[in-house]
Structures are given as structure tokens and as C-alpha cells.
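Read the structure below first, then the notes.
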Amino acid sequence: MKTDPRTAPGASSTTAREDDQSDNAPDDLTDNFIEEIIEADLRAGKHGGHIVTRFPPEPNGCLHIGHAKAICLNFSLAAKYNGQCNLRFDDTNPTTEDTDFVEAIKEDVHWLGFDWKDKEFFASGYFPKLYDFARTLINTGHAYVDSQSLAEIRENRGNYYKPGIESPYRDRSVAENLDLFTRMRAGEFDEGAHVLRAKIDMQSSDILMRDPLLYRIHKTPHHRTGTEWPIYPMYDFAHGLSDSIERVTHSICTLEFQNNRPLYNWFLETLDVPHKPQQIEFARLNLTSTVLSKRVLQRLVHENHVTGWNDPRMPTLSGLRRRGYTPEAIRAFCDTIGVARRDGRIELALLEHTIREHLNATSPRVMSVLRPLRLVIENYPEGNTDFFTCPVNPEDPAAGTHEVPFSRVLYVERDDFLEDPPKKWFRLTPGREVRLRYACLVTCKEAIKDPNTGEIVELRCEWDPASRGGASPDGRKVRGTIHWVSAAHAFDAEVRLYDRLFAVDNPLAEEHGNDLASVLNPDSLEVLTGCKLAPSLKTTQPGTRLQFERLGYFCADTLDSTPGHPVFNRTIGLRDSWAKIAQKQSKTKQAGRR
RNA sequence: UCGGGGGUGGUGUAAUUGGCAACACACGUGGUUCUGGUCCACGCAUUGGGGGUUCGAGUCCUCCCUCCCGAGCCA
């Protein structure tokens, strides 16, 4: 599932694939083992040369980046082989599902860039057909109504080492089963009174084959069928048959369903349905420093560790979207991680790389100061304003230029000044000349301190008028270039700095117990107010993505921005090799002290 | 003590199906640079272990080790 070169990040600079004629020739190279299976099936004429996949979310939570892997896989496969990918909501459990999630899921899949056309289905839409299938199973002696209690069923199922014991109700007559099941459907019984079970083999070494449940009684109204059905089919019964009804050819699911495959096939064979899909399992996505379990994500929301499913720290698609991630980057990520049957854990750094790669190629640059420090240019005329020309994006000359106002009083980043700097420090320090990006060269003459606190409150500098525009007039070396904003023109805004949600690689590892609070990163969110933003940002539309030069990529928040008052979320910082150098220096320093 | 599925650098995925272990990320070193960004160059694994077949094994056979999933009226 290679990303389409026309939409791939950085496509404008890489034309190799597009120029490659062989790219249009039949691709004899498969990207993964699933494509090998599909191509073998196609060669064998198994499905009349047509494939159908499906993405089957349960509408009981929001989609996350792990789902994105499944979405990209299923839709890309369909696209590659000229097939179709259906969207099917697996809504067989009314107690946990909600129509709000249905809408949210549809929005997320579309946002990711995929379209299911008119092939939008609901397992609940098949309830009548599934009910008929169940009656057929009863009629052919393959299913029975069990009236044991939940505890008895569990007890008699046995365990890994002990076979199960047959239910005393197992040999009820077809007529009695039919009567009971009809009355279950009519709502005559309380929850738990009866269940419908397949009659397979209580001795089976595969526990799933020990007379699995087909239907249970639920009196909870369903988000789509209301109170029409008091009984609901179980996953195993509903899923494969839904696939069959939709004529899905390749039913792709995650590894934990490997155990269910024999049962999946049992239904197809026992009912001898005309279309038999093939279930194929692949390894779900795991990412370091986060969790991709719907249950745990739900806990984060409910225990208020985050502000909601769309908190920018969440690995949900809505969270990533709000954070500033692009669908292109997520697709590129899914493309890069590959598909296999081996369980693993992808480093979050790879996701961060793909978003940087895309944003680097596409984001307009702008200078803003997050932690402002006043800088006064003593030899620059008071009340004067210059305008300097900056490229919108040095990676993309076609993006053009824009004018930035400059004056005597500026703000620069507090982090860019050090009174007593370490070695290899190129930025501001007394007596040092640095470049104000795209503007001029300035030399720091003095740092003014608050007489009481000793805090540095202002830098007094002199500029070299001959360096107007930022060039070095005589070719002298100026290693440091810093960003700035004109104090008189800048405006104040809130900026949120996000970092990884968890402080540990694998938050769900046993060693951490079940205590989310203990593994969360306490610095996952830092809210900065009074940031001095470039005047051009005043009217930023929510959702706009920009690079704040030297700082990182930011996105105007879609929820909290108001007209004239944008709030920015940091998507991801720029790579910071100075931070590495500084860290190394402090380490050697510490080592020296010991 | 059972059944199913896996083990290739720090991470993930490949290897024309028995023929020089490749690509990306990460990391390290150096270079370029008006973003300590980007970009460029170089470095970084003999495939879980033993035995076997073979001219030749990551790929085949065999024994062992190890990890994941499975005992919901969840999906």
C-alpha cells in the first residue's frame, strides 16, 4: 500500500516514482503478505477478479491511530486491486454503543482521505437475516437454547486443560428450541434466562468451539433498531455472516482473532452460504509512549486525565487532527510501518518524523516569540519602522514572500540569551554579535536586570545598519541566527506546548500495574500565555498549520480560537540538535564533578 | 498440564521464495546552511539457540528456548 506519489509528502521534490514508467506496469512486487494472498486468489480467479474488503468499527469509542492502520490497509487494498472497501458498523451490543460515535467515525475516515461510496452498512441492518440463519441452525440440529445460568455456562465450559461438560439442555428437540428461541425474540424472557448456542464440541481443545453463544437477551434499546430486538447476536455469529452478506472477499482483522477463525469458518460451512470470505489476521499497531486500547483511552477521558477524546495529546484521530497532524502524514506513517503478523511496538519517533516531513514541505514560516525578552536597539531611530522580506517557505519558493515589520524594540526568545554561556553557544550573550533572522546583525551590549530579583528584563543592543536584510556586509562569520518580533506590532496569545502523554515506553506493561496516574507524563501540556505573535497571525483561521521559525509546527486550535484571538497548539517541535549538545555538556560536567 | 500464532541491528519492515542481509526511523560522526530546521556523506545486525541436509541456509528438516493470544451472555 504505497502512498500515492501525487499526494505523498514532499511530492514536489521527488519525482522519481512518477517518472518511473514501470510504475504503471503491473506491479509484481507485493507490499505485504496480504497482497500476496490476494494476488494468488486473483490469479486463481477465486473471486471473479474482484475483491471486497471492509472496515468494521464498533461505534463505542473514537477511532485512533491504530484504526488508521486498519483503515489505510483495507481501503488501499481495495484501491490497488480495483475493488471496494465497505464501512460496516459492528453494532451488535446495544449496551455500549452510540450513534454519536457513528458520526464521529465517519468524519474521521473521510478526514483520513477515504471514501466508502454508498457502501455504508450496519450489522444491526442484518438482524433479520441473522435471525433466520439462527433458525436454520436450530432446524438442522446445529443450535440449541441453553437455560443454564451464566455461572453454570462458565463453569461447564472447562478451561485450557479441562474439557467442557455438555449442557443438560443440549438435547432439546428442534421444536422446543424453535419455540424457546421464538419466545426469546418476542421478549418473553428476562436477560440471562436463556441463550442460543451452537452445538459443536464441548471436548474441543479450542475453547471457542465449546458450544459458543450465538444470541443473548438484552432489553437495552439499540441506537438504531430501538426496542425492536430483545435479543442480540454475538460477534462470532454476526461478523462472518455479515461479511458473507456483503460478499467481502478478504476479511482483515487483528491477531487476537486468530483463535476465532475456526469458528468464523464453521458458520460459513455449516450454513453453506453461497459466499465464503477469508479471514486474514495482521498485527495491530502499538506505539511507544501511548496507549491504543479503547478501554484505556476511555479511562483517560472519564478519569479526566485529558479534556476529552479530542484532547491534542490523545492518539485518537480527532486528537491528532486538533493537534495539527495531517491525513497525509498519517497515511505516510501507515505506509511506512508495513503490515505483518509479528507483534511489535513502533517508536513514536517515526510518527513524529512523518508529520515533520510533511509539515516541513508545506507549512508557511512565521516568526513568533513564546517566552518574550525585550531587546532594544539603542542606535536604531525611535519611532521608525522597517519592513523586511521573508520567504514564506524556503522549501517551496513558489510560496512567495511576506513583509515583516521591524522597529527599535523587539522581543526575542528568553532561551536565546545566556549571560554565562557554555561552549559552542552561538546565540545572544554580552559582547556577541548574532543575526536577527531576515533583518540585521546586532551585538548585545548589556543585560538589564531587575534590581530586586536579579532577573534579566531587557537586552541593550546595537545594530550594524550595513547588515540590513540580514546579510553580513563584509563576510564576517555570524554563527547564530535568532527569531524576533517587533514589540509594537506583535500581539499577545495563548500557546499550548504538547509533549508525549506517557512518561514510559509501554504504559500498560505489568510492572506499572493498572495505575495510569503513575505513568503519565506530568509535562504533557504546558500552557503559555502572553506569547508575542507575529501581527499577520491575528486573523489566523482555526485549523491553520504554520511553522514558528526555530520552534516547531503549530496549529490554530479549532475549539478555543475566536476571531482575532487565535490559540495555538504545538503539533511537534523542530529537531533540536542544540538540546542534544547541551544535554551532553551537562552530563560531562556532572561526571567531572563526581 | 491444552490450543492457536510469532521470534531478522535500538525500532519497524524487506530479502527475486536455497545464492553477496536491503529500506526507513533512531543513534553517532562530519559537511552545507540567514531556522543548531531542511539537505548531504559516512558509521551502526550475519537473522532466538543447538544439531542436520546442501557447493551454498534468514529461508528446508529436527530438538530446544522464548514471547504473544485464548477459559465475556465484549468486539
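Below, chain A is the first sequence line, B the second, and so on; all start at residue 1. All values below were derived from every heavy atom in this structure, side-chain atoms included, with hydrogens, water molecules and symmetry-related copies excluded.
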Under 6.0 Å between ring centres, would you say that holds for [X] and [Y]?
{"X": "A/F388", "Y": "A/Y438", "result": "no"}
{"X": "A/F127", "Y": "A/H222", "result": "yes"}
{"X": "A/F89", "Y": "A/F121", "result": "no"}
{"X": "A/Y215", "Y": "A/F237", "result": "yes"}

Distance, C1' atom - from B/A26 to B/C65, rounded to whole angstrom: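 Rounded to whole Å, the distance is 29 Å.
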Distance between C1' atoms of B/A15 and B/U46 (Å, rounded):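 Nearest-Å result for B/A15 against B/U46 at atom C1': 14 Å.
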Comparing A/E549 and A/A151 on RNA chain B - which has the more 5′ nearest nucleotide: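 The 5'-side residue here is A/E549.
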Of A/F548 and A/F33, the one whose closest RNA chain B nucleotide lies more 5':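 This one resolves to A/F33.
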I want to verify a distance call: between [options], whose nearest atom is closest to the [X] side chain?
{"X": "A/R575", "options": "B/G4, B/A26, B/C73", "answer": "B/A26"}
{"X": "A/R341", "options": "B/U38, B/C25, B/G6", "answer": "B/G6"}
{"X": "A/L574", "options": "B/A75, B/U35, B/A71", "answer": "B/U35"}
{"X": "A/Q258", "options": "B/G5, B/G37, B/C73", "answer": "B/G5"}
{"X": "A/E256", "options": "B/U38, B/A71, B/C69", "answer": "B/C69"}
{"X": "A/T481", "options": "B/G36, B/G37, B/C73", "answer": "B/G36"}
{"X": "A/R550", "options": "B/G36, B/G72, B/U38", "answer": "B/G36"}
{"X": "A/R437", "options": "B/C74, B/U35, B/C25", "answer": "B/U35"}
{"X": "A/P394", "options": "B/A75, B/U35, B/A26", "answer": "B/U35"}

Among A/F406, A/F417, A/W463, A/Y411, ring pair (Phe, Tyr, Trp, His ring centres under 6.0 Å) partner for A/W484: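 Of the listed options, the one satisfying the test is A/F406.
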Can a donor-acceptor pair be found between the side chains of [X] and [Y] at a distance below 3.5 Å?
{"X": "A/N60", "Y": "A/E58", "answer": "yes"}
{"X": "A/E403", "Y": "A/T389", "answer": "yes"}
{"X": "A/D211", "Y": "A/Y144", "answer": "yes"}
{"X": "A/T354", "Y": "A/E357", "answer": "no"}
{"X": "A/S204", "Y": "A/D206", "answer": "no"}

Centroid distance under 5.5 Å and plane angle under 30°, A/Y160 vs B/G70: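 Aromatic stack with B/G70 present for A/Y160.
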Aromatic-base stack, A/Y161 on B/C2, cutoff 5.5 Å, angle under 30: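 So no, this residue does not stack on that base, at least one cut-off failing.
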Watson-Crick or G-U wobble partner for [N], using a 3.5 Å limit on both distances?
{"N": "B/U35", "answer": "none"}
{"N": "B/C27", "answer": "B/G43"}
{"N": "B/C73", "answer": "none"}
{"N": "B/U13", "answer": "B/A22"}

Presence of A/K580 side-chain N/O under 4.0 Å of B/G28 phosphate oxygens OP1/OP2: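 Yes.
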What is the nucleic acid contact for [X], judged by heavy atoms within less than 4.0 Å: base, sugar-phosphate only, or nothing?
{"X": "A/H239", "value": "nothing"}
{"X": "A/D90", "value": "sugar-phosphate"}
{"X": "A/K477", "value": "nothing"}
{"X": "A/M234", "value": "sugar-phosphate"}
{"X": "A/Q547", "value": "base"}
{"X": "A/E36", "value": "base"}
{"X": "A/Y215", "value": "nothing"}

[X] has an atom [atom1]; how far is it from atom [atom2] of [N], in whole Å?
{"X": "A/L297", "N": "B/A75", "atom1": "CG", "atom2": "P", "answer": "20 Å"}
{"X": "A/L214", "N": "B/A75", "atom1": "CG", "atom2": "C1'", "answer": "16 Å"}
{"X": "A/E413", "N": "B/U35", "atom1": "CD", "atom2": "C1'", "answer": "13 Å"}
{"X": "A/Y232", "N": "B/A75", "atom1": "OH", "atom2": "P", "answer": "12 Å"}
{"X": "A/W578", "N": "B/U35", "atom1": "CH2", "atom2": "P", "answer": "17 Å"}
{"X": "A/L418", "N": "B/G36", "atom1": "CG", "atom2": "P", "answer": "15 Å"}
{"X": "A/R210", "N": "B/G72", "atom1": "CZ", "atom2": "P", "answer": "11 Å"}
{"X": "A/I280", "N": "B/G4", "atom1": "CD1", "atom2": "P", "answer": "20 Å"}

If anything within 90° of 0 is syn and all else is anti, what is [N]?
{"N": "B/U59", "answer": "anti"}
{"N": "B/G48", "answer": "anti"}
{"N": "B/G30", "answer": "anti"}

Any donor-acceptor N/O pair, A/H194 side chain to A/F181 backbone, under 3.5 Å: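 Such a contact is absent between A/H194 side chain and A/F181 backbone.
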Positions of residues 92-99 of chain A (non-hydrogen atom under 4.0 Å from RNA chain B), listed by number: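 Heavy-atom contacts with RNA chain B come from A/T92, A/N93.
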Residues which pass salt bridge (Lys or Arg N to Asp or Glu O under 4.0 Å) with A/R197, listed by chain and number, not counting sequence neighbours: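 Counting only residues at least two positions away or on another chain, A/R197 forms a salt bridge (Lys or Arg N to Asp or Glu O under 4.0 Å) with A/D146.
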Under-3.5 Å N/O pairs linking protein and nucleotides 7-12 of chain B:
| unit_1 | atom_1 | unit_2 | atom_2 | d |
| --- | --- | --- | --- | --- |
| B/U8 | OP2 | A/R342 | NH1 | 2.2 |
| B/U8 | O4 | A/R342 | NH2 | 3.4 |
| B/G10 | N2 | A/E347 | OE1 | 3.0 |
| B/U11 | O4' | A/E347 | OE2 | 3.0 |
| B/U11 | O3' | A/R345 | O | 3.3 |
| B/U11 | O2' | A/R345 | O | 3.1 |
| B/G12 | OP1 | A/R345 | N | 3.3 |
| B/G12 | O2' | A/I337 | O | 2.8 |

Donor-acceptor pair (no angle test) under 3.5 Å: A/N260 side chain, B/G70 base: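 Answer is no: no donor-acceptor pair is held.
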Under 3.5 Å donor-acceptor pair, A/E395 side-chain atoms to B/G37 base atoms: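 Answer yes: a donor N or O sits under 3.5 Å from an acceptor.
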Geometric cation-pi criterion A/R570 and A/Y553, 6.0 Å radius, 45° cone: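 Relative to the ring axis of A/Y553, which defines the angle, A/R570 lies outside at least one limit.
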